[in-house]
Amino acid sequence: MGKAYESKEHEAEIYRLWEKSGFFNPDKLPGKPKKTYSISIPPPNVTGSLHLGHALNNTIQDILTRFYRMKGRKTLWLPGTDHAGIATQNVVEKELAKQGLTRHQLGREKFTEKAWQWKAKYGDLILEQLKKLGCSCDWSRTRFTLDKNYTEAVLTAFINYHKKGYIYRGPRIVNWCLRCTTAISDIEIKYQEKKGKLWYLKYPIKGDTNYELHTNDANHFIVVATTRPETMLGDTAVAVNPKDKRYKNLIGQKLILPIVNREIPIVSHRLVDVEFGTGAVKITPAHDKTDWQIGKENNLEVINVIGPEGKMTKEAGKYAGLPVLEARKKIVKELEKLNLLEKVEDYQHQISLCDRCGTPIEPQISTQWFVSMKKLAKPAIKVVKKSKIKISPERYKKIYLDWLDNIEDWCISRQLWWGHRLPVWFCQKEKDKYIVSVNQPKKCPYCNKCKMKQSEDVLDTWFSSALWPFATLGWPKKTKDLKEFYPTSLLSTARDILYLWVARMVFSGLEFLKKIPFEQVYIHSTILTLEGRRMSKSLGTGIDPLELINKYGADATRFGIIYQTNRDQQAIRFDERAIVAARNFINKLWNISRFIAIQIETEPKIKIKNIKTQTLADHWIISRANNLITSITKKIENYEFGEASKEIYEFVWHDFADWYLEISKFQIADPGLKKETIRNLKLILCLCLRLLHPFIPFVTEQIYQQLNTCTNSSDLLMIASWPKIKKNFINLKKEKEFASVKEMVMKIRNWKIEQKISPKEIVDYKIKTENKNLLRYAHQNLVVRSAHNKKILAQNELKDLIEKLGKVKLTL
RNA sequence: GGGCACUUGGCGCAGUGGUAGCGCGUCUGGUUUACAUCCAGCAGGUCGGGGGUUCGAAUCCCUCAGUGCCCACCA
């Protein structure tokens with residue numbers, strides 16, 4: 001064994017050993033276990049590469065997978081990737097842009113071909129990175145959301161929803177990205193503070209036939225404030241808060257919309273903020289979400305004045321065809337001319353941008369497909385309320401329930417090319433007529449003639465992700481895997497996709513299999529930078545786990561990250577120093593093993609079967625070790641990984657190495673104790689290796705292989721059995737007694753330093769205790785003598801000291 | 001605007017009612033024989049401010065301040 005543990009020398013080889021064994025595959029586990037444990041990996045996007053969040057989440061999953069595998073469960077951790085519709089499409093588009101190409105130039109077919117090429121090249125990169133991290137996934141079951149079988153599941157789901165009447169089609173206001181030319185969800189939007197203007201426009205009250213004459217008389221106008229004056233062409237009302245006294249008697253009256261000269265009503269609505277602007281809001285249902293809602297509740301006309309390319313439509317009259325900003329300038333000018341512009345203020349506001357490409361969002365009316373949610377949400381609420389699915393930390397339960405309680409219908413269509421195309425076929429003659437079918441219908445049932453045309457839209461990426469826990473196991477076929485591993489045991493994920501993904505898997509699972517998709521949801525901490533900022537590539541605050549793995553090893557990276565977490569903690573500030581500490585800890589473990597390996601060489605025939613404890617130190621360490629088993633087991637079962645890692649770190653380093661191992665040197669020097677001591681060392685080491693294996697699988701396996709004496713039944717630590725507690729070795733009395741000795745020794749060390757006595761210096765004298773070998777160790781610390789500089793502790797001084805320390809019965 | 005969380009020695013954190021701990025760093029001393037990725041030890045904190053409950057509060061309650069994350073329909 002080398003002097004220091006070099007992760008690079010071992011990790012790849014160890015991983016190969018595991019893969020070769022086949023034990024990542026639950027069907028190949030020895031002993032044919034019956035009880036299962038299963039996790040579906042949150043599938044990383046094919047655009048993705050490993051970041052710290054992945055490292056944390058997948059370390060957690062690997063800890064549990066390895067833990068339950070060692071506990072004898074038939075354990076499956078199923079890996080895979082997500083096609084990630086818009087994200088991947090944008091990446092591929094960026095690639096094309098480098099060659100000066102757009103997707104439209106390529107056309108749909110060629111473009112998707114490119115996307116598939118991209119997937120083939122980079123799609124599984126992150127899975128390779130997970131291997132570097134040590135993840136024990138069953139790679140033979142790897143899935144991708146666009147796989148043939150998976151696609152079948154997606155289409156089956158769509159058709160089922162449709163049959164049951166959950167799916168409908170219709171116009172609605174959506175976030176429209178001008179560049180991606182697709183609807184995007186609220187969650188795909190990011191916000192940016194931007195300096196803008198707030199224009200105050202005067203809308204004349206109807207009844208003043210010659211309102212031009214009263215342009216300076218406030219009684220004849222309502223003033224509205226807007227950041228987007230160009231949308232006024234599409235206004236179909238002005239809204240005020242019903243409680244607003246200023247406008248109370250105007251509600252129900254009409255206004256004349258300037259320029260357009262349309263009559264529009266004054267309506268009241270609770271959403272109007274009395275404090276903002278003038279308290280009166282222009283309502284443009286076609287181009288603002290709130291306005292759309294107010295419009296809907298008041299049956300207002302919807303007039304679309306901005307088209308999907310960001311240009312004014314013909315509804316905009318003389319402004320038709322102009323880009324939005326140009327139209328804005330001209331409209332403001334015209335209003336000014338009409339003396340209908342009261343004032344312009346500077347205004348700091350948040351604008352919404354497409355999360356993927358940064359283009360400002362233009363709310364648009366467009367025809368989209370929806371899943372009606374109210375009914376589907378109900379059982380998903382129930383299973384969490386009744387704790388059929390447990391959510392940890394518990395506070396997220398409320399967040400989950402709140403979202404489902406206020407759920408809106410799910411817009412499932414996207415105007416993208418990369419994804420599952422809707423199994424919907426339109427009649428070419430009557431363009432709004434369609435049928436739902438997986439394959440192209442032979443004959444159009446509407447016109448009997450046309451070749452029906454498939455919808456151009458693809459499904460929201462989350463529509464397919466929602467089926468992940470069962471589609472990966474073979475659904476809609478009734479497979480053996482599905483029967484065995486569904487529901488899965490755990491879903492571990494980040495907080496931000498609790499509803500986007502988790503909630504949707506829950507109602508999908510309940511809808512299609514009538515069973516929950518997982519028994520437990522664990523929401524792990526978010527990793528922030530040391531300064532407490534969000535980690536992100538665009539901010540340049542990300543840390544690449546692969547660099548950490550390179551520098552410190554996969555084990556150290558895993559252990560260091562886990563060490564920083566606490567179960568219920570919302571966020572952790574990532575500190576590389578923890579990884580360094582973990583690397584040192586691993587090296588410590590390595591050297592403990594090295595020491596023990598050397599001892600074993602002197603006594604090669606020792607088996608660890610029959611434990612004998614003779615000295616106080618023996619009793620103490622074995623008792624402590626047995627308590628440790630219970631504690632670590634409980635902590636892993638309760639998702640307290642950070643707590644577990646801290647406890648085992650303490651034990652290995654500060655109990656086992658600092659104390660027992662040092663004492664063992666004296667015991668080994670005693671022929672009567674040598675064998676038992678080496679046996680105990682081995683016993684504790686092998687125990688530690690097993691307890692540590694889920695956390696730091698590589699180094700523990702390496703030591704296990706090299707030591708070659710922990711082995712009882714199995715040749716791989718990976719499938720060695722999880723330690724069981726032996727209650728008769730727990731001896732709290734001896735633990736307490738040892739603690740006193742420890743305390744005494746430490747106090748004497750302090751005392752020696754205070755007296756400026758070198759730690760090396762030794763004095764002979766006699767102490768009677770029931771444990772002479774412990775005494776030999778204590779000797780060094782207790783007794784002071786130096787032939788050279790004659791620092792001799794007088795007998796009575798020593799006696800006083802020991803009496804002061806008091807807790808141990810020692811007689812001089 | 002709402003919700004959730006956080007605030008403990010220089011830095012990152014643990015500690016949930018009873019003598020303030022850990023890692024890193026600093027400083028002192030130590031290395032022939034498992035490890036300097038080490039060992040032994042010192043110093044360093046009125047536990048964000050204020051108020052309350054209690055015999056007793058870092059810990060429970062109220063309040064204020066700061067920080068972060070998430071959600072949201074402020075034109």
Side-chain angles (χ1 to χ4, degrees), chain A residues 1-6 173 186-187 191 198-199 224-229 231 238-239 269-284 287-294 347 349-350 363 393 395-396 398-399 402-403 406 494-496 498-499 525-526 528-534 552-553 556 560 563-566 568-599 642-643 646-647 649-650 653-654 657-658 661-662 664-665 681 745-746 749-754 756-760 781:
Chain A
M1 288 175 92
K3 215 174 175 188
Y5 175 68
E6 298 291 344
I173 193 150
D186 289 348
I187 212 82
Y191 296 93
L198 198 55
W199 285 269
V224 294
T226 180
T227 54
R228 303 192 55 196
T231 61
V238 163
H269 200 278
R270 63 185 192 284
L271 290 180
V272 178
D273 184 354
V274 178
E275 306 286 316
F276 189 90
T278 60
V281 193
K282 59 191 268 324
I283 301 299
T284 326
H287 300 292
D288 184 276
K289 247 188 155 175
T290 313
D291 292 7
W292 167 263
Q293 194 184 335
I294 294 175
Y347 181 60
H349 68 139
Q350 284 207 324
R395 59 174 179 274
Y396 294 117
K398 188 177 173 293
I399 297 178
D402 282 353
W403 188 75
N406 301 305
R495 169 172 85 251
D496 50 355
L498 182 58
Y499 8 84
S525 314
T526 309
L528 305 175
T529 67
L530 196 52
E531 295 75 34
R533 305 244 151 246
R534 203 188 151 75
Y552 306 107
Y563 191 89
Q564 291 181 70
T565 64
N566 253 63
D568 293 346
Q569 185 179 42
Q570 185 169 280
I572 54 180
R573 295 185 182 199
F574 178 77
D575 191 342
E576 190 167 330
R577 288 173 300 182
I579 312 289
V580 175
R583 192 266 323 259
N584 294 350
F585 171 66
I586 286 157
N587 191 57
K588 189 75 186 175
L589 180 69
W590 179 257
N591 276 291
I592 290 168
S593 312
R594 216 156 78 93
F595 173 77
I596 293 172
I598 291 165
Q599 306 314 318
E643 293 84 343
K646 280 165 200 143
E647 186 173 354
Y649 176 102
E650 279 305 307
W653 202 320
H654 299 304
D658 286 351
L661 211 124
E662 292 305 326
S664 80
K665 290 174 184 173
L681 284 170
V745 170
M746 290 196 291
R749 282 176 189 160
N750 273 338
W751 175 82
K752 278 165 106 177
I753 283 170
E754 274 167 33
K756 298 221 189 310
I757 297 164
S758 161
K760 266 164 131 181
N781 297 291

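Chain A is the first sequence line, chain B the second, and so forth, proteins listed ahead of strands; every chain is numbered from 1.
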K.L.:
Would you say the side-chain atoms of A:N566 pair up with the backbone N or O of A:E643, donor to acceptor, closer than 3.5 Å?
P.N.:
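No, the answer is negative, given that no donor and acceptor are paired below the 3.5 Å cut-off.
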K.L.:
Could you work out the separation of B:U8 and B:G49 based on their P atoms and round it to a whole Å?
P.N.:
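After rounding to an integer number of Å, I get 10 Å for this pair.
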K.L.:
Taking any heavy-atom pair under 4.0 Å as a contact, classify A:K398: base, sugar-phosphate, or nothing.
P.N.:
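It contacts nothing in the nucleic acid.
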K.L.:
Of all the choices, B:A75, B:C35, B:U37, which nucleotide is nearest to the side chain of A:N584 once you look at every atom?
P.N.:
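Nearest to the side-chain atoms of A:N584, counting from C-beta on, is B:U37.
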K.L.:
Roughly how many Å apart are B:U16 and B:U7, using the C1' atom of each and rounding to a whole number?
P.N.:
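Between the two C1' atoms, the distance is 16 Å.
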K.L.:
With a cut-off of less than 4.0 Å, is there a side-chain N or O of A:N587 near OP1 or OP2 of B:C38?
P.N.:
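So the side chain of A:N587 is outside the cut-off, no N or O lying under 4.0 Å from OP1 or OP2 of B:C38.
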K.L.:
Using atom types as modelled and distance alone, determine if a side-chain donor or acceptor of A:Q564 lies under 3.5 Å from a backbone N or O of A:G560.
P.N.:
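It does hold such a pair.
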K.L.:
Calculate the interatomic distance between A:D288 atom CG and B:C74 atom P; express it in whole Å.
P.N.:
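So the CG-P distance, A:D288 to B:C74, works out to 9 Å.
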K.L.:
Check whether any side-chain nitrogen or oxygen of A:K646 sits under 4.0 Å from OP1 or OP2 of B:G21, and answer yes or no.
P.N.:
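Negative; the distance criterion is not met.
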K.L.:
Pick the P atom in B:G2 and in B:U63, then give their distance to the nearest Å.
P.N.:
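14 Å, rounded to whole Å.
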K.L.:
At less than 4.0 Å, is any side-chain N or O atom of A:H654 found next to OP1 or OP2 of B:G23? Yes or no.
P.N.:
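True: A:H654 side-chain N/O within range (under 4.0 Å) of B:G23 OP1/OP2.
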K.L.:
Name the closest nucleotide to the A:R577 side chain, picking from B:U37, B:G23, B:A75.
P.N.:
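Per side-chain heavy atoms of A:R577, the pick is B:G23.
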K.L.:
Take A:Y499 and A:I399, measure what side-chain contact (heavy atoms from CB on, under 4.5 Å) needs, and give me the verdict at the end.
P.N.:
CA-CA 9 Å; A:Y499 8 84; A:I399 297 178; 3.5 Å; yes
K.L.:
Mind checking the C1' distance from B:A72 to B:G15? Whole angstroms is fine.
P.N.:
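Straight-line distance between the two C1' atoms is 36 Å.
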K.L.:
Which part of the nucleic acid, if any, lies within reach of A:Q599 when heavy atoms closer than 4.0 Å are counted: base, sugar-phosphate only, or nothing?
P.N.:
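Result for A:Q599 = nothing.
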K.L.:
Using atom P of each nucleotide, how far apart are B:A40 and B:C24 to the nearest Å?
P.N.:
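These two P atoms come out 12 Å apart once rounded.
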K.L.:
If only side-chain N and O atoms of A:R395 are considered, is one of them under 4.0 Å from the OP1 or OP2 phosphate oxygen of B:A5?
P.N.:
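No, A:R395 has no side-chain N/O under 4.0 Å of OP1/OP2 on B:A5.
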K.L.:
With a 4.0 Å cutoff (strictly under), does any side-chain N or O of A:W653 reach OP1 or OP2 of B:G23?
P.N.:
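No, outside the criterion.
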K.L.:
Over all strands shown, is A:L528 touching base, sugar-phosphate only, or nothing at heavy-atom distances under 4.0 angstrom?
P.N.:
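Touches sugar-phosphate only.
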K.L.:
Using only side-chain N and O atoms of A:Q564, determine if any of them is under 4.0 Å from OP1 or OP2 of B:G23.
P.N.:
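For A:Q564, the contact criterion (side-chain N or O under 4.0 Å from OP1 or OP2 of B:G23) is not met.
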K.L.:
Please find the pair of heavy atoms, one from A:D288 and one from A:P363, that lie closest to each other, and give the distance.
P.N.:
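In this case the closest contact between A:D288 and A:P363 is N-CB, 4.2 Å.
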K.L.:
Would you say B:G15 has OP1 or OP2 under 4.0 Å from some side-chain N or O of A:N566?
P.N.:
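For B:G15, OP1 or OP2 has a side-chain N or O of A:N566 closer than 4.0 Å.
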K.L.:
Closer than 3.5 angstrom, by distance alone: can the side chain of A:N587 be matched with the main-chain N or O of A:R583 as a donor-acceptor pair?
P.N.:
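Side chain of A:N587 to backbone of A:R583, a donor-acceptor pair under 3.5 Å: no, none is there.
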K.L.:
I'd like the C1' distance from B:A57 over to B:G48, given in whole Å.
P.N.:
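My reading of the C1' atoms in B:G48 and B:A57 gives 16 Å.
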K.L.:
For A:D273, answer base if it contacts any base atom (sugar-phosphate contacts may also be present), sugar-phosphate if it contacts only those atoms, and nothing otherwise; contact means non-hydrogen atoms under 4.0 Å.
P.N.:
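Contact class for A:D273: base.
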K.L.:
Using atom C1' in both nucleotides, what's the gap between B:C27 and B:G68 to the nearest angstrom?
P.N.:
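That atom pair is separated by 35 Å.
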K.L.:
Just call it for A:G532: base, sugar-phosphate, or nothing, with non-hydrogen atoms closer than 4.0 Å on any strand.
P.N.:
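Sugar-phosphate, backbone atoms only, no base.
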K.L.:
Can you identify which nucleotide, out of B:A34, B:C70, B:C13, has its nearest atom closest to the A:K588 side chain?
P.N.:
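The closest nucleotide is B:A34.
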K.L.:
Give me the distance, rounded to whole Å, that separates B:G9 from B:C47 when you measure between the C1' atoms they each carry.
P.N.:
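Their C1' atoms lie roughly 10 Å apart.
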K.L.:
Would you please confirm or rule out a distance under 4.0 Å between OP1 or OP2 of B:G12 and any side-chain N or O of A:R573?
P.N.:
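Checking A:R573 against B:G12: at least one side-chain N or O falls below 4.0 Å of OP1 or OP2.
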K.L.:
Under 6.0 Å from the ring centre and within 45 degrees of the ring axis: does the NZ or CZ of A:K665 meet both conditions for the six-membered ring of A:F595?
P.N.:
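So A:K665 does make the cation-pi contact.
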K.L.:
A:F276 vs A:Y347 aromatic rings, parallel, tilted or perpendicular, using cut-offs 30° and 60°?
P.N.:
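Perpendicular: the ring planes of A:F276 and A:Y347 meet at over 60°.
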K.L.:
Mapping A:K289 and A:A581 to their closest nucleotides on RNA chain B, which lands nearer the 5' end?
P.N.:
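Mapping each residue to its closest nucleotide by heavy atoms, the 5'-most match is A:A581.
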K.L.:
Give a yes/no answer on whether the side chain of A:R594 brings an N or O atom under 4.0 Å of OP1 or OP2 in B:C35.
P.N.:
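Yes, A:R594 has a side-chain N/O under 4.0 Å of OP1/OP2 on B:C35.
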K.L.:
Could you check A:D496 against A:D291 and say which one's nearest nucleotide on RNA chain B is further toward the 5' end?
P.N.:
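Mapping each residue to its closest nucleotide by heavy atoms, the 5'-most match is A:D496.
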K.L.:
Give one of base, sugar-phosphate or nothing for A:T526, where a contact means two heavy atoms less than 4.0 Å apart.
P.N.:
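Touches nothing.
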K.L.:
Within the 4.0 Å heavy-atom criterion, would you say A:E6 contacts the bases, only the backbone, or no part of the nucleic acid?
P.N.:
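Base, at least one base heavy atom under 4.0 Å.
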K.L.:
Within the structure, does a side-chain N or O atom of A:Y347 lie under 4.0 Å from either OP1 or OP2 of B:A75?
P.N.:
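Checking A:Y347 against B:A75: at least one side-chain N or O falls below 4.0 Å of OP1 or OP2.
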K.L.:
Using a heavy-atom cut-off of under 4.0 Å over every strand shown, decide if A:L530 touches base, sugar-phosphate, or nothing.
P.N.:
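Sugar-phosphate only.
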